[in-house]
Amino acid sequence: MSAQTPVNGKDKGVAGELAAIVGESHCVRDPDTLKPWLEEPRGRYQGQAGLLVAPGTADETARVLACCSRLGVGVVPVGGRTGLCGGTHSRPDEVLLSLHRQRRVRRMDAGSMTAEAGCVLAALQEKAAKANCLFPLSLGSEGSCQLGGVLSTNAGGIHVLRYGMARELVMGLEVALPDGRLLLDLKPLSKDNAGYDIKQLFIGSEGTLGVITAATIKLYPRPNSWVTGLLGIASPRRAVALYRKAQAALGSELNAFELLSRHAVDLCEKHLPRVAAPAAIDAPWLLCVELAGAVEDEALSERFMAFLEDALKAGELLDAVCAATEAQRKAIWRLRHGVPEAVRQSGCSLHHDLAVPPERIPEFLESARELCRKLMPDAEPAPFGHVGDGNLHYSISCPRGTEPESFIQQGESLSAALRELALAMDGSFSAEHGVGLLLKDELARLGDPVKLGVMRTIKHALDPQGIMNPGKVVSTP
């Protein structure tokens with residue numbers, strides 16, 4: 001990218017050419033209008049781009065990229081701006097690219113939906129539900145995150161144990177490439193071995209290889225009933241043991257199995273007025289467990305209650321409550337989804353998106369607690385996460401009386417140690433949030449050199465000008 005090509009409100013050349021493609025009204029240069037597009041949820045990064053372009057079609061998107069490639073202008077794709085790793089941070093000489101105008105559902109079939117990248121995740125869930133189908137990807141940010149961003153970061157969520165990550169839900173993609181070509185591969189096929197599975201390159205690439213403009217995603221039969229419970233347990237070790245028992249007893253109807261520390265719950269009840277545990281369960285750890293099935297609600301409830309009774313008799317549970325109404329079910333999930341916001345409301349925090357094999361969750365949490373005691377003894381961690389896939393969100397709030405800047409500086413060594421701990425346990429330092437700008441140096445430090453070399457080769461092959469989301473994930477020579 002050429003440093004001599006600033007993109008701001010005064011630059012008529014770049015903005016003029018892009019306006020000729022998308023229309024003057026879809027080139028945003030007003031600082032006040034741009035301001036929300038430059039902010040990120042945790043306030044860690046403040047973008048500096050002076051121009052946002054909003055193409056209305058995939059063809060326009062490809063033409064925008066071709067123009068920017070020719071001019072040597074960096075392009076930063078932005079979706080619902082719910083990412084947590086600085087993936088949409090922009091510099092003054094870069095252009096923001098939003099697909100919020102591309103929100104059509106192009107096609108609905110019995111087992112799939114083809115939708116444009118600007119569609120909000122919750123809207124796709126509702127569209128599927130109206131067709132008596134289920135699009136199972138469910139995130140705390142589903143009311144604002146967009147399909148393109150969800151796929152570009154390979155999002156996870158609470159149903160990974162049953163349906164897999166975002167990439168498992170994609171049958172085909174349409175992608176605007178940096179040179180202006182449009183990759184058309186939207187077939188609703190479960191089997192297609194005609195060459196490389198190219199779509200997988202773009203899922204999880206965080207906008208560094210091209211821009212996803214549409215996707216064909218899998219739909220499943222909509223469950224007829226849900227049963228949701230809040231369980232109190234003594235330890236994470238008990239959580240993993242219960243998860244394996246639940247798999248055997250409840251099978252494929254096990255829909256979610258989420259772990260919450262008591263401190264995470266306390267933060268919700270303190271900082272979020274509408275969020276509280278729906279029952280007084282006195283336990284150091286809580287589990288949000290849900291079943292979903294085709295059978296009638298009564299039969300599913302009986303199976304779940306039998307499982308809970310056996311666990312209580314065996315001393316594996318301290319307490320449990322099942323949601324008797326839809327309002328109680330929603331209250332349980334508000335508690336689980338509310339933890340990230342509660343941590344943010346509590347003040348300055350360290351955040352870690354880690355993964356280890358599920359059986360090593362107890363070992364990791366014990367070792368992580370020891371690291372906290374050693375390196376930051378006054379800080380209180382609030383771990384929570386997904387037992388079924390081993391993904392733990394390990395948040396640590398700034399202790400009262402500690403200056404935030406000092407806390408962040410002191411926390412660097414702790415964060416590095418936690419990431420190294422996860423890797424030592426065959427895990428990952430980025431489970432579902434991606435790398436972006438935040439973890440780019442950590443990827444260079446901790447990543448496998450051969451894998452990093454392959455990534456750079458792919459990046460250079462598809463984006464030789466280096467215009468796609470510059471400075472994120474991996475650098476090219």
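Atom CD1 of Ile217 and atom CG of Leu169 lie 8.0 Å apart (nearest 0.5 Å). Put simply, OG on Ser141 and CG on Leu121 are 7.5 Å apart, with the number rounded to the nearest 0.5 Å. Atom CG in Leu182 sits 4.5 Å away from atom CD in Glu174 (nearest 0.5 Å). Atom CD of residue Glu359 and atom CZ of residue Arg244 lie 4.0 Å apart, to the nearest 0.5 angstrom. Interatomic distance, OG of Ser415 versus CG of Leu350, reported as 4.5 Å (0.5 Å rounding). To the nearest 0.5 Å, atom CZ of residue Phe202 and atom OG of residue Ser152 are 12.0 Å apart.
Heavy-atom neighbours of Lys127 NZ from other residues, nucleotides or ligands within 6.0 Å: at or below the threshold of 12. For Glu298, the CD atom counts as loosely surrounded, since its 6.0 Å shell holds 12 or fewer non-hydrogen atoms of other residues, nucleotides or ligands. Heavy-atom neighbours of Arg445 CZ from other residues, nucleotides or ligands within 6.0 Å: above the threshold of 12.
Checking side-chain atoms of Asn224 against main-chain N and O of Ala294 turns up a donor-acceptor pair under 3.5 Å. Counting only distance, with no hydrogens or angles, the side chain of Asn469 and the backbone of Gly207 share no donor-acceptor pair below 3.5 Å. For the pair Ser112 (side chain) and Met108 (backbone), a donor-acceptor distance under 3.5 Å is absent. Judged purely by atom type and a 3.5 angstrom limit, Asp192 uses its side chain to pair as donor or acceptor with the backbone of Ala194. Distance alone, capped at 3.5 Å, places no donor-acceptor pair between the His100 side chain and the Gly118 backbone. In this structure, the side chain of Glu432 does not engage the main chain of Ala355 through any donor-acceptor pair within 3.5 Å. With hydrogens and angles disregarded, a donor-acceptor distance shorter than 3.5 Å links the side chain of Glu60 to the backbone of Gly56. The closest donor-acceptor contact from the side chain of Arg29 to the backbone of Leu52 lies at 3.5 Å or more, if one exists at all. Of the possible polar contacts, none joining the Arg419 side chain to the Phe429 backbone as a donor-acceptor pair under 3.5 Å is found. Remark: side-chain polar atoms of His352 are paired, donor with acceptor, to backbone N or O of Tyr394 under 3.5 angstrom.
Using a cut-off of 4.0 Å between Lys/Arg side-chain N and Asp/Glu carboxylate O, Glu116 and Arg103 are scored as not salt-bridged. Salt bridge annotation for Arg360-Glu363: present, with a cationic side-chain nitrogen under 4.0 angstrom from a carboxylate oxygen.
Among residues two or more places apart in sequence or in another chain, the side-chain hydrogen bond (donor to acceptor under 3.5 Å, both in side chains) test is passed with Glu168 by none. Looking at residues two or more places apart in sequence or on another chain, you find no side-chain hydrogen bond (donor to acceptor under 3.5 Å, both in side chains) involving His89.
Looking at Ser90 and Gln48, their side chains never bring a donor and an acceptor atom within 3.5 Å of each other. No hydrogens or angles considered: nothing links the side chains of Glu39 and Gln46 as a donor-acceptor pair under 3.5 Å. Gln102 and Thr213 share no donor-acceptor pair across their side chains, judged by distance under 3.5 Å alone. Side chains of Glu326 and Trp226: a donor-acceptor N/O pair is absent below 3.5 angstrom, by distance only. Judged purely by distance below 3.5 Å, without hydrogens or angles, the side chains of Ser349 and Ser395 never pair a donor atom with an acceptor atom.
Residues His351 and Leu84 have side chains not in contact (no heavy-atom distance under 4.5 Å, counting atoms from C-beta outward). In this structure, the side chains of Leu151 and Leu173 come closer than 4.5 Å at one or more pairs of heavy atoms.
Relative ring orientation between His393 and His386 is described as perpendicular, the plane-to-plane angle rising above 60° on a 0-90° scale split at 30° and 60°.
Applying the side chain to side chain donor-acceptor pair (under 3.5 Å) test to every pair with at least one member in residues 199-209, sequence neighbours left out, gives these pairs: Arg167-Gln200, Asp197-Lys199. For residues 127-155, there are no ring pair (Phe, Tyr, Trp, His ring centres under 6.0 Å) pairs, not counting sequence neighbours. Pairs passing the ring pair (Phe, Tyr, Trp, His ring centres under 6.0 Å) check and including a residue from residues 160-190, sequence neighbours excluded, read Tyr163-Tyr220. The stretch residues 68-87 participates, sequence neighbours left out, in these side chain to side chain donor-acceptor pair (under 3.5 Å) pairs: Glu17-Arg70.
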Item to complete: Show the numbers, then the answer: is there a side-chain contact (heavy atoms from CB on, under 4.5 Å) between Leu452 and Leu443?
Response: CA-CA 8 Å; Leu452 287 169; Leu443 179 61; 3.6 Å; yes

Item to complete: Evaluate salt bridge (Lys or Arg N to Asp or Glu O under 4.0 Å) for Arg336 paired with Glu290, printing each intermediate quantity in order.
Response: CA-CA 12 Å; Arg336 165 58 186 87; Glu290 184 169 89; over 6 Å; no

